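All remarks here apply to the structure that follows.
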Number of protein chains: 2
Amino acid sequence: MTKSRVTVVDIARAAGVSKSTVSLVLQASPLVNEQTRARVNAAIRDLGYVYNRGAANLRQTASSKIVGIVVNDLTNSFFAELAVGMDMVMQSAGFVQFLANTGESLDRQREVIASMREHGISGLIISPARGTDASDFKPLIAAGVPVVIVVRNIAGAKVSSLLSDNYAGARAATEHLIALGHRRIAFLGGFADTAVSADRIDGYRDALAAGGLAADAALVVNSAPSRAGGVAAIERAMLIADRPTAALCFNDAVAFGVCDGLRARSLEPGRDFGVVGFDDVIEAQTAVPALTTVSVDPQGMGRRAAQMLLKQINSGRVEAEAQVASVRLVVRQSCGTVAGPWGGGASHDTIANDTMGTDRRQHDRP
Amino acid sequence: MTKSRVTVVDIARAAGVSKSTVSLVLQASPLVNEQTRARVNAAIRDLGYVYNRGAANLRQTASSKIVGIVVNDLTNSFFAELAVGMDMVMQSAGFVQFLANTGESLDRQREVIASMREHGISGLIISPARGTDASDFKPLIAAGVPVVIVVRNIAGAKVSSLLSDNYAGARAATEHLIALGHRRIAFLGGFADTAVSADRIDGYRDALAAGGLAADAALVVNSAPSRAGGVAAIERAMLIADRPTAALCFNDAVAFGVCDGLRARSLEPGRDFGVVGFDDVIEAQTAVPALTTVSVDPQGMGRRAAQMLLKQINSGRVEAEAQVASVRLVVRQSCGTVAGPWGGGASHDTIANDTMGTDRRQHDRP
DNA sequence: CAGGATTATTGGATCGTTCCAAATTAGTCA
DNA sequence: TGACTAATTTGGAACGATCCAATAATCCTG
C-alpha cells in the first residue's frame, strides 16, 4: 500500500539530482550525461514511478496524447472494425483513445463530447449520430481541436471528413446485378433521411436508368440498418406483386438479414435470389454463400481516419480536408443469376472470388 | 481562434468573484449564494468555459473519472457487446473510458496498461490476453487501482473477477444434445490451453460420462475461436471415420462457421447436424436457423463488470471479489434431432424458443 | 592560465483546480 | 449598540511536471 504517489521529486532525491534533470531524462533529452541518465532511470525503476500526464498537460504547450472516438453502434461489425483500425494506428502513435457509443442518441453524443473535452482530448474522430448538426462542432473548432468526421457526412461542417464513395459503390453493384440479367432489383434497408442512404440510392437509381430499367419506388424498402431490419425488409419486398429477383442491401448486416429471411421462405440466396451487401465486413467472406458486397474496408478506413487526425494534431493546423475512400465491388457467391438475354443461366455464380475493382475516383490507396 | 483557454480565474473576473467561489459553483456546493451562483454560471456560459479535469486531478484526493477497458478482439461480437454494456453504465456514472484492443498480444497489453496508468485511470476492466500472468497486475494492486478481470480467469491474481459459468453451460448444452438422441457429439473450436476452453470441455466430458457415452478424444477439435476457425474445425471433424451428428461449439462465432462449413457440404444445420453455440451473440437469434446456444449475455456481463468496478472505486476499498455469472441454455432451431430411443424424430426442432435455464449456481441475476 | 566555448545541471515560476483557514458580511438578540 | 451566530466569500498554498534563464563544471586554445 503506497500511500502517496511517487513523483519526480522523489526520483530526484533518490538519484541525487534535481527534478529538472529527472524531467530531462523523462523526455529522453540528449542534454543529460549518460551516467546521470542511468542513475535516474535506475531510481525510476526502483521506486516504481509512473509518469503523470495530467500534470504535464497543464502547461498549455503540451498535447495530451488522448483522442476521442465516437461511434453510433459498436455492436455493428462495421463500426467495431472501424474502431479497431483506429486503435491500431493510435496505439502505435502513442495515443490512447476514449471510445464512446452513442446508439444514435444526440444527447449521449453531446455528453460524451463534453466529457472528452474536459479530459483534454487533442482530437476527435466521430461518426455522427443521426440528426447531428454542423453547429455542434463549432465549440470544438473554436477551441482548435481537430475533428474528423467519418462514414456519415454533415453538410456545412467545417471539419475534415472521410467518407466512402457510396454513389459509385451502389452504382457498380447495381450494374453488376443488371449484367447478370436481373430486371427487378430492390434496394433494401437503411433510412432514407441519411446522407449515406441517399447517396447509395442515387447510385442505384442512376444505374437502373443507365441500364434502361424503370425505377419502381415500391422496390426501395426502408428498415433499420441491422440484421433484424434486413429480415423485415425482404419480407415486405416479397409482398410486392411483381417480385424482385435481386436486391442491393444498405449494408452487410441488412444483407445477412435478407439471407435469413429468404431461407425462412425456402429461397436460397445466390441461387434463387441475388443479394449484394455493402461494407465487406469480415463475415462477408466466410458466410455461406459468401456475400457479394461493396468493399469499404472498414478497418482500413479507420486507419486512414486516424492518420488524418494525427496529421492535423501534429501539424498544429486545423485545415479541413475532405477525403473520399474509393470502394470496390467484391463478387462472391450471393449475387444470383437470371436466365435471359444477357444472363449466363448457371445456377451458381462462377465469377472468381475477390476480383476486380470498379471506380477509383480519387485518393486511391492500394 | 481563442488563443489561451478560459480558466476559473477568467470566470471569476467576469463574474466579479474570487476563483474559490467559482470552484464552489463548479462543484455545486450549497455554500454559495443563489444570485452569485447564477452570475457565475452566466459567465461560464458566456465565455465558453470548459472544465479542466487534468488540473483537478492533480490534487491527490481527486479521482479521475476515467477507467480503462482492455479486450482482446473487438471484432468479435462478444467483446463488442461486452464493451457496449460497460460503456452504458460507465457513461451514466459520468466516467469516460479508454478502450484498447490487444489482439492477444502481451506486449500491446503491457503498453496500453502502462499508458492508461500514466493517464490516471481510477480502475481497469480487462479480458486478459492469452498468457497473461497474475504478476502482471502487481503494480496496479500496489498502486491501489481496482481491477476487474472478465471472461478469462487468471489463476492467482488477487483482483476481482467476473466469469461465466462455463462448466455448467457446456454441461447443460451437451445434456440437451444427448436428450435429443445424439450419440456422437463433437466439441469444436477454441484453444485447449485457455481456462475457458478447459472448463467448457470439462462440462462437455462430464455430461457425456453422465449420459453413459464414451469420450472420444478425436471428437474434440481445436481451432481459432472465430468463424473461419469453425469452418476449419467442422471440416476436420467430418473426416473422422465415425462421424459426429452434432457439436457443441466453443463460441457462437465458431458455431456460425460450422454452419457455413456444413452448408458447403450440403448439410443443413439443425436438420442434418446439431449445432450448439456459446455466448448468445445478437445474431444468434436472427440467424437461420436460429442458433441454440448457451446464453452468456455479454452486454449484461459488461454492465455487471462495470458495476463491480464502480463499487470498488467508490468504496475506496480494493477487495477482490469473484463472481460467476450463471448462464442458460437457449434452445432455438439449430440443435437437430436424431431418431432413437429418446429422440422425437421430427426433422425440425420443435422446442419453444428462448426457453428455460439450467444452472443457477450463484449470484443469479434475473 | 585567462578567457571563451561546450556540456550539464538547477532553481524558481507556471499551468488550472481544490481546499483550508481566515476574513467579510449579514442577521439575531439582549 | 455590541456581542455572537450563521451565511458567504476569499487568499494563498498545494498537486506534479515543464521550461526558461542562470549557474556550475569541463574542455579547449592561444
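Not measured: the values here are computed from a predicted model. Throughout, protein chains are lettered first and strands after them, A, B, ... in sequence-line order, and every chain is numbered starting at 1.
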Length of the [atom1]-[atom2] vector between [X] and [N], whole Å:
{"X": "A:K65", "N": "D:dT18", "atom1": "NZ", "atom2": "P", "answer": "13 Å"}
{"X": "B:E34", "N": "D:dT8", "atom1": "CD", "atom2": "P", "answer": "9 Å"}
{"X": "A:L24", "N": "D:dC20", "atom1": "CG", "atom2": "P", "answer": "11 Å"}
{"X": "A:N57", "N": "D:dC19", "atom1": "CG", "atom2": "P", "answer": "11 Å"}
{"X": "A:D10", "N": "D:dG16", "atom1": "CG", "atom2": "C1'", "answer": "10 Å"}
{"X": "A:I11", "N": "D:dG16", "atom1": "CD1", "atom2": "P", "answer": "12 Å"}
{"X": "B:L31", "N": "C:dC20", "atom1": "CG", "atom2": "C1'", "answer": "13 Å"}
{"X": "A:L26", "N": "D:dG16", "atom1": "CG", "atom2": "C1'", "answer": "11 Å"}

What does [X] touch in the nucleic acid at a heavy-atom separation under 4.0 angstrom: a base, only the sugar-phosphate, or nothing?
{"X": "B:S20", "result": "base"}
{"X": "B:V22", "result": "nothing"}
{"X": "A:T21", "result": "base"}

Reported CG-to-CZ distance for the pair A:L99 and B:F98, which is rounded to 0.5 angstrom: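 Result: 11.5 Å between the selected atoms.
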A:R108-B:S92 side chain donor-acceptor pair, cut-off 3.5 Å: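 The answer is yes; a qualifying pair exists.
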Between B:S105 and B:D107, a side-chain donor and acceptor under 3.5 Å: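 No, B:D107 and B:S105 have no side-chain donor paired with an acceptor closer than 3.5 Å.
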From [options], nucleotide with atom closest to [X] side chain:
{"X": "A:T36", "options": "C:dA8, D:dC15, C:dT18", "result": "C:dA8"}
{"X": "B:T7", "options": "C:dT10, D:dC19, C:dT17", "result": "C:dT17"}
{"X": "A:Y49", "options": "C:dT18, D:dA17, C:dG12", "result": "D:dA17"}
{"X": "B:N33", "options": "C:dT18, D:dT10, D:dT8", "result": "D:dT8"}

Note, A:I125 side chain near A:V67 side chain (heavy atom, < 4.5 Å):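 With C-beta onward as the side chain, the pair stays apart.
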Note, A:V89 side chain near A:F95 side chain (heavy atom, < 4.5 Å):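 A side-chain contact is absent here, since even the closest heavy-atom pair is not under 4.5 Å.
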Verdict with reasoning, B:D87 to A:L74, per side chain to side chain contact (heavy atoms under 4.5 Å, CB included): CA-CA 10 Å; B:D87 184 86; A:L74 204 61; over 6 Å; no
Would you say [N] has OP1 or OP2 under 4.0 Å from some side-chain N or O of [X]?
{"X": "A:Q35", "N": "C:dA8", "value": "no"}
{"X": "A:R53", "N": "D:dA17", "value": "no"}
{"X": "A:Q27", "N": "D:dA17", "value": "no"}

Any donor-acceptor N/O pair under 3.5 Å between D:dA14 base and B:R59 side chain: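 When only heavy-atom distances are counted, B:R59 does reach the base of D:dA14 through a donor-acceptor pair under 3.5 Å.
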Side-chain donor/acceptor of A:S18 to base of C:dG11, under 3.5 Å: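 Answer no: no donor N or O sits under 3.5 Å from an acceptor.
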B:R39 vs B:L58, nearer the 5' end of DNA chain D by closest nucleotide: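 Taking each residue's closest nucleotide, the earlier one in sequence belongs to B:R39.
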Residue mapping more 5' on DNA chain D - nearest nucleotide basis, A:S23 or B:P30: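 The answer here is B:P30.
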